[in-house]
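Comments concern the structure below.
In the text below, chain A, chain B and the rest are named by the order of the sequence lines, each starting its count at 1.
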Amino acid sequence: MIFQIELFIPELYLLTLIGGLFVLTVGPQSWWRFLRYLPLAAGVGIGVAAVSFQFSGLMFYGAYQVDALSQFFKLAIFLGLAVTCLNAMNQPTLSEEKRPDYFLFLCLSALGLMLLSSAVELVTIFLALELASYSLYALIPLRSKEPAAAEAGIKYILFGAVVTALAMYGLSYILGVHHTTYLSELATKTWSWSETPAALIGIALFLGALFYKLALFPLHFWCPDVYEGASNETAAFVATLPKLGAVVVLVRLSSLLDPSMEVTMLLAVLAAVSMTFGNLCALVQTDLKRLLGYSSVSHAGYVMLGIVAGTPAGLSAAAFYAVVYLLMNLACFWVICRLSTDGRNLKLDDLNGLYQRSPGLALVLAVSAFALVGLPPTAGFMGKLFLLNSAWMEGYHWLVIIAVLNSAIAIYYYLNLVRHAYTRDAPVNASGDVQAVPNPGLLWGGLLAAAVLWLGVAPGTIFTMAQVAGAALLP
Amino acid sequence: MTESGFPVLSALIFFPLLAAVGLFFLRDERTIRLYTLVVGLIEMGLAAPLFQFDLSTANFQFVEIMPWVPAWNMNYHVGVDGISILMIFLTVLLLPLCVLCSWTYIGKRIKEFHFCLLLMIGACVGIFSALDFVLFYIFWEAMLIPMFLLIAVWGGPNKRYASLKFFIYTLAGSTLFLAAIVAFFVNTGTFSIPELMTHEYAFNFQFWTFLAMALAFAIKVPMFPFHTWLPAAHVEAPTAGSVLLASILLKMGTYGFLRFCLPLTPAASEYFAPLMITISIVSILYGGVIALGQKDMKKLIAYSSVAHMGFVTLGIFVFTMRGVEGAIMQMINHGITTGALFMLVGAIYERSHSREIADNMGLGKYLPAYMFFFGLFAIASFGFPGTNGFVSEALVLIGVFEANYLLGALTIPGVMLAAAYMLRLGLKLAWGQPSQAANWKDLNTREWVYLAPLAVLVLYLGLMPTLALKTINPSVVHLLNQYETRKTLHLESSLQPEPPAQVVQLPATRGTDQ
């Protein structure tokens with residue numbers, strides 16, 4: 001077994017953080033003050049991941065591949081972790097004694113996702129996926145005095161368990177037919193319905209586990225309920241980072257499997273249905289987190305455009321969009337978390353007059369909402385454009401048309417967020433003054449919004465990184 | 001980076017955007033208005049190098065090109081030709097005028113209002129100068145956001161409904177446009193508009209891309225039956241919003257037809273020309289008839305815009321030199337006169353707090369200066385000889401008659417309708433009774449300042465249109481030559497054995513005109 005320490009630097013760094021957090025969970029309460037440095041430590045992780053960008057190689061008997069793609073996603077995971085930790089620092093619904101445990105699980109889940117981004121063997125992928133999921137099973141119900149949280153936790157665990165079982169079942173089919181679980185070897189095998197139907201069923205079932213994480217139709221049903229039940233800060237994590245993990249594995253799978261195999265048409269259909277279903281359901285939502293839940297179902301469909309294309313251009317577009325989605329969704333959740341000072345779920349009407357109450361937050365919300373629609377000059381537009389280009393190049397014209405028509409549907413509910421924030425009057429208190437929103441941390445929300453705008457205007461650097469990552473997979 | 005050294009177009013695009021950031025540091029209302037006014041005047045000064053425009057060539061000038069997303073062959077590529085330069089002049093001129101006409105009209109959220117104005121102007125200059133398809137689309141969509149806010153925040157009682165309708169209509173229309181852009185890129189491997197113009201496309205491809213683009217443009221123009229967002233948006237928008245909508249935003253659609261449909265999809269343009277002409281004539285007649293029955297001044301002018309823009313699309317799709325030249329002139333002239341009419345409606349609304357014609361009658365005796373301007377812009381609007389409207393409408397009509405006498409005959413009632421609704425409005429405003437105008441003051445200096453330049457332009461373009469026509473002529477000649485050649489090429493190629501099914505139909509439909 002080859003082990004090169006320089007290939008494992010980001011993971012080791014995160015493991016060190018997790019070790020530190022474990023010490024905090026068992027140590028005296030006076031040590032908990034160190035928790036406040038966690039976002040900074042995660043931020044340093046971005047630098048660590050950036051430094052290790054230059055390394056590449058195989059480890060652990062070829063099951064663990066460090067390449068441009070994995071390093072790109074590790075960097076994005078550290079970025080997401082830093083923002084979610086910062087976001088979750090003052091979580092109103094989290095009881096004080098559970099705070100170190102909360103962050104421990106958050107980092108463990110991120111570690112699972114990080115391992116997932118390098119895993120190139122089905123069992124390793126499965127284990128990494130489970131590590132990322134198990135931590136979330138513990139995190140989601142951690143919302144004291146909220147019955148919906150328990151319901152959300154149970155739903156996530158039960159459905160997650162079913163999907164795990166299905167994935168294992170699929171894995172056994174693949175192993176049984178092709179006698180290997182290494183993606184590089186699987187790429188050389190036949191994946192035709194006429195020759196190896198069992199293997200095709202196996203891969204479809206295995207993909208199910210990833211679709212579950214990605215909340216792609218028809219495995220999306222947990223998503224709005226879990227978002228609604230989990231605390232705002234946890235939902236911000238669940239809505240963003242696990243999606244990155246799912247995308248990275250899908251990118252690996254699609255790059256190694258023949259793009260012409262029958263399953264890609266099935267993926268294209270699922271993408272189309274997911275986009276349409278997610279958007280139509282989001283239209284009628286009034287709870288912000290449910291709205292974002294259904295919107296994430298539709299965004300899962302968008303990401304699939306790049307996966308379906310299966311070309312370096314498609315894979316890099318999917319990778320780029322995943323990072324863009326992380327940023328714009330985090331910006332949106334940032335506003336929700338700042339607004340919900342008591343930790344309750346926000347309705348659309350709670351945004352009324354946000355402009356008067358906090359112009360900064362209203363601007364961050366507007367930028368993220370317009371980015372989620374895919375409106376220029378935001379990163380959401382560039383991400384969608386790259387995805388559409390790559391899908392059209394591979395002849396999926398109908399899918400591109402469905403995608404752009406779905407953008408038209410999505411305008412309504414995303415624009416609703418901006419309308420409530422900018423055109424409705426703010427609630428007034430007894431003395432007739434507008435109820436101002438305390439907005440600590442506006443700077444960070446502003447930075448997220450600026451990043452979303454910056455990636456829209458100058459996507460070159462990050463897209464080139466995504467392109468290197470995508471090209472490395474397909475010679 | 002640029003031929004002339006000074007990146008004049010980038011300066012025009014980004015100066016207002018950068019200046020908009022400066023607004024955040026200002027607090028006093030008057031300072032904010034003055035600051036934006038000065039920014040507008042500087043912007044006009046920045047446009048001065050554009051007067052070096054070479055009138056003898058149809059090439060794109062003041063070109064700037066820089067790599068943007070090399071992986072997808074996207075460039076920051078801007079430049080102007082005879083078709084776009086006049087629109088840029090108009091856009092730049094409108095910024096200080098809009099600030100002035102909103103001086104007392106806008107009373108809340110002053111900073112944000114001027115912020116939106118500056119964003120709008122930057123994006124609009126971007127639209128008319130973009131030579132990269134993605135860059136064009138970015139500006140095309142980006143200007144929707146400030147416009148949406150202008151209507152939604154500073155609009156009238158039904159602002160929420162109007163702003164939402166405006167946003168959803170126009171954005172939904174342009175989503176398919178994005179698909180067309182992607183299709184062009186995949187077909188050619190470039191987003192560069194000049195480069196795309198040199199490629200030949202299969203008829204089937206042209207057919208679908210034309211439809212996708214034309215839907216977006218038709219909504220923006222707006223052509224009947226996609227016009228329903230316009231009266232709502234115009235009526236609810238604040239004066240500056242209405243002015244920008246009428247003067248610039250509507251022109252984006254017709255500009256799109258000229259810039260993309262004719263050069264990129266000539267065969268499909270030819271194929272769909274009968275449909276486009278029919279819709280244009282319906283728009284002219286429908287807009288005129290509906291305007292005739294309006295009681296609200298803004299609604300009347302809004303419906304008259306539907307009719308006037310019908311002349312533009314009609315002029316474009318008859319494919320004659322005079323028709324297209326008239327269409328471009330009409331784009332400029334409609335921008336000037338309708339913009340001015342909306343400013344006048346705003347001015348009288350500040351006095352009477354009503355846009356109803358019945359509440360604003362009898363101005364001739366008490367507000368002579370106001371009626372002078374109103375009369376001038378009204379007669380320009382229906383194309384009275386000596387005004388700018390006459391030049392463009394006459395050119396379009398000549399172009400239409402050159403193409404087909406029947407079409408010309410069908411268009412003439414539209415001209416008469418325009419005279420009818422404008423004269424009816426003018427008569428009522430000037431001499432209608434009973435008058436509440438006795439207590440109102442006539443135009444003040446500020447109002448003179450923003451109306452006078454437009455009045456001068458009305459007369460200048462009406463009496464001496466030569467310079468404007470010289471500016472657009474080479475580009476129009478080039479556009480039509482290119483169109484004719486490529487249409488012919490297409491028809492020749494369609495005679496080859498086993499052409500696609502649609503190609504076979506083309507000579508049968510329009511081939512007799514050759």
By a 4.5 Å heavy-atom criterion (distance strictly below it), what part of [X] contacts chain A: side chain, backbone, both, or neither?
X: B:Ala123; answer: neither
X: B:Phe184; answer: neither
X: B:Leu149; answer: side chain

With side chains defined as the heavy atoms from C-beta onward, is the minimum distance between [X] and [Y] less than 4.5 Å?
X: A:His397; Y: B:Trp208; answer: no
X: B:Val182; Y: A:Met393; answer: no
X: B:Trp68; Y: A:Pro459; answer: yes
X: A:Met382; Y: B:Ile138; answer: yes

Select one option (side chain, backbone, both, neither) describing which atoms of [X] are under 4.5 Å from chain B's heavy atoms.
X: A:Val457; answer: backbone
X: A:Tyr355; answer: side chain
X: A:Phe381; answer: side chain
X: A:Tyr412; answer: both
X: A:Ile411; answer: side chain
X: A:Thr423; answer: both

From CA spacing to verdict: side chain to side chain contact (heavy atoms under 4.5 Å, CB included), B:Phe191, A:Asn389: CA-CA 11 Å; B:Phe191 286 111; A:Asn389 276 347; 3.6 Å; yes
Counting heavy-atom pairs under 4.5 angstrom with chain A, the leader among B:Val153, B:Ile181, B:Asn187, B:Leu164 is B:Leu164
Pairs satisfying side-chain hydrogen bond (donor to acceptor under 3.5 Å, both in side chains), at least one member in residues 399-408 of chain A, at least two apart: A:Thr276-A:Asn406, A:Asn279-A:Asn406, A:Tyr302-A:Ser407
Check the surroundings of atom OH in B:Tyr161: do more than 12 heavy atoms from other residues, nucleotides or ligands lie under 6.0 Å from it? no
When you look at CH2 of A:Trp392, are more than 12 heavy atoms from neighbouring residues, nucleotides or ligands closer to it than 6.0 Å? yes
Minimum heavy-atom separation for [X] and [Y], please, with both atom names.
X: A:Ala313; Y: B:Trp72; answer: CB-CH2, 3.8 Å
X: B:Ile145; Y: A:Pro376; answer: CD1-O, 4.1 Å
X: B:Phe148; Y: A:Arg419; answer: CZ-CG, 3.6 Å

Just to verify, what does B:Ser174 make a side-chain contact (heavy atoms from CB on, under 4.5 Å) with, not counting sequence neighbours? B:Tyr137, B:Trp140, B:Glu141, B:Leu171, B:Phe177, B:Ala216
